[in-house]
Amino acid sequence: MPIYVTRPSMPELNDFMEEIRPIFERRVLTNMGPVYKKFQQMLIEYLEVPELSLFTNGHLALELGIQAVGLKKQGVAVGGGEVITTPFTFVSTTHAISRNNLKPVFCDIRLEDYCMDPDRIEELITDKTVAIVPVHVYGNICDVRKIQKIADKHGLKVIYDGAHAFGEKFDGESIGNFGDATMFSFHATKVFNSIEGGAMAFHDKRYGIPLHELKNFGIHGEVEISAIGGNAKLDEFRAAMGICNLRRMTACIEARRAVHEQYFERLQNVEGIRLCPVQEKVTSNYAYLPIYVDREAFGKSRDDLYATLREHGIYTRKYFYPAINELECYADFQKQATPVAHDAAIHILTLPIYEGLARDEIDRICDIILQK
Ligand SMILES: Cc1ncc(COP(=O)(O)O)c(C=O)c1O
C-alpha cells in the first residue's frame with residue numbers, strides 16, 4: 001500500500017449522515033444556512049477567537065480577507081501598495097497578495113523555524129509598504145511579538161497565513177488572535193478539514209461585514225451591492241463535515257503527536273538530518289514533519305532520498321520547492337535575494353504524518369531513510 005504525505009481525517013459515516021439529514025429535510029444547501037452558523041460558532045469557541053468568517057477555501061479567505069482589511073495608505077493608490085511576505089510558502093499566499101494588485105516583497109526566513117525573519121523586515125519597508133503577510137510555516141509560529149512591534153512602529157497591517165496553524169497557541173494565546181487577521185485552511189490535507197474550506201479570524205468588528213459581503217458577490221441587500229466581491233461561500237454539507245471533524249480534533253492531534261514523537265525517536269540523532277522541534281511556548285498541532293537533509297553529512301541528497309522513498313511507495317513532498325521568488329510567474333519580483341529560503345527549498349523533505357499512520361509504517365519509512 002502506498003503511503004502519502006498525508007491522509008484526511010474523517011468522522012464515522014453515521015456521524016456525518018446524522019449531521020446532513022436535516023439538510024435534506026430543510027433544503028437549505030448554502031448561503032450561510034443554519035449548519036454554517038453552527039459550525040462558525042463551534043469554531044469561535046474551539047479557536048478562542050472573538051470573530052470568524054467562513055469561506056469555501058483558505059485561499060479565498062486570504063484573498064478576500066486582504067481586500068476586506070483594505071490596505072490603503074495616504075499617497076499610495078489603492079492596489080498600489082507593497083506587502084512584505086515570505087517566499088517559503090505555498091503559492092496561495094503570494095497569489096492572494098498579487099490578485100489584490102498589491103506587490104509582494106520577499107523577506108528571507110530563519111533556518112530554525114522556516115518562518116519570516118523579523119530582523120530582515122524593516123530594511124524592506126518603503127513609503128509604499130501597507131502590510132506584512134507572514135506564514136506560520138509547517139505550524140511553526142512566527143515571531144508574532146516582534147512582527148507586531150514593527151507593524152505598530154510603521155503603521156502596517158499584519159495578516160497571517162495560518163493555513164498550517166489550526167488550533168495552535170503561543171504562550172497560551174490562540175494563534176488566531178495575533179495581527180489584524182489570521183487565515184486558516186480546512187483543506188482535506190490539513191490537520192483539520194471540512195473537505196475544502198477556510199476561515200478568517202479577526203478581532204476588529206469592522207472587518208465582519210466586508211468579509212461577509214465580499215464572499216457573496218458584495219451583496220449588501222436585495223438591491224444593493226457594496227463592493228466588487230466574489231463567490232466564496234461555504235456550503236451546508238461541508239460545514240457538516242467540519243462539525244463532525246471538529247468533534248474529533250483532540251484525538252486527532254494526540255494521534256499526530258505520537259507519530260511526531262516516534263519520528264523524533266528514530267531520526268533525531270542521525271547525522272545530516274535536522275528535525276524541526278516544537279518551538280518553546282507553542283502548543284503544536286503537529287501539522288508537518290519537515291526534515292532538512294544535509295547531503296555532505298548524510299551521504300545522500302534530499303532529492304535522492306525523495307526518489308528512494310518513492311521507489312518504496314512512500315510519497316513525501318518537497319514543501320516548498322521552488323521558493324516563490326524562483327517561479328516564472330513571479331519573474332518580475334526575483335530581484336530580492338533570499339538565500340535562506342533558497343537553501344530550505346532545496347534541502348527540505350516533508351515526511352508522511354497523519355492520524356492513523358501506524359507505528360510499523362513509521363518504522364518502515366525510517367528504516368528506508370537510514371539504509372544508506
Ligand atoms: C501556506 C498555505 N497557504 C494557503 C493555502 C491555501 O489553502 P486552501 O487549500 O484551503 O485554499 C495552503 C494550502 O493549501 C497553504 O499551505
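Remember, it's 1-based here, ligands and their atoms both numbered in the order they're listed. Please read all numbers here as calculations on a predicted model, not as lab measurements.
Side-chain N/O atoms of Gln67 and Glu63 include no donor and acceptor closer than 3.5 Å. Side chains of His136 and Glu168: no donor on one and acceptor on the other come within 3.5 Å. No hydrogens or angles considered: a donor-acceptor pair under 3.5 Å links the side chains of Ser92 and His59. Counting only N and O atoms by type, the side chains of Ser9 and Asn245 include no donor and acceptor under 3.5 Å apart. For the residue pair His95 and Tyr330, a side-chain donor N or O sits within less than 3.5 Å of a side-chain acceptor on the partner.
Ligand-side atoms of ligand 1 in range of Lys190: 12 (C), 13 (C), 14 (O), 16 (O), range being under 4.0 angstrom from any heavy atom. Under a 4.0 Å criterion applied to the non-hydrogen atoms of Thr89, ligand 1 contributes the atoms 1 (C). Listed by number with element, the atoms of ligand 1 under 4.0 Å from a non-hydrogen atom of Gly197 are 10 (O). Taking every heavy atom of His59 and a limit of under 4.0 angstrom, the matching atoms of ligand 1 come to 6 (C), 7 (O), 8 (P), 11 (O). Close approach of ligand 1 to Asn57 is summarised as follows: ligand atoms under 4.0 Å from at least one heavy atom of the residue are 10 (O), 11 (O). Interface of His187 with ligand 1, defined as ligand atoms under 4.0 Å from a residue heavy atom, comprises 9 (O), 10 (O). For ligand 1, the atoms closer than 4.0 angstrom to any heavy atom of Asp161 are 1 (C), 2 (C), 3 (N), 4 (C).
The minimum heavy-atom distance linking Ser53 with Tyr36 is given by the pair OG-OH, 4.2 Å.
In terms of polar-atom proximity, Val135 is not counted as a contact of ligand 1, lacking any N or O under 3.5 Å from an N or O of the ligand. An N or O contact shorter than 3.5 Å links His164 to ligand 1 by distance.
Here Met183 has side-chain heavy atoms under 4.0 Å from ligand 1, and that is the only part of it that gets that close.
Of the protein's heavy atoms, Phe90 CD2, 3.5 Å lies nearest to atom 12 (C) of ligand 1.
The only member of Ile121, Val133, Asp108 that meets side-chain contact (heavy atoms from CB on, under 4.5 Å) when paired with Met116 is Ile121. The salt bridge (Lys or Arg N to Asp or Glu O under 4.0 Å) with Asp303 is formed by just one residue from the set Lys318, Arg295, Arg310; it is Lys318.
Across Ser92, Ser185, Ala199, heavy-atom proximity to atom 7 (O) of ligand 1 is greatest for Ser185.
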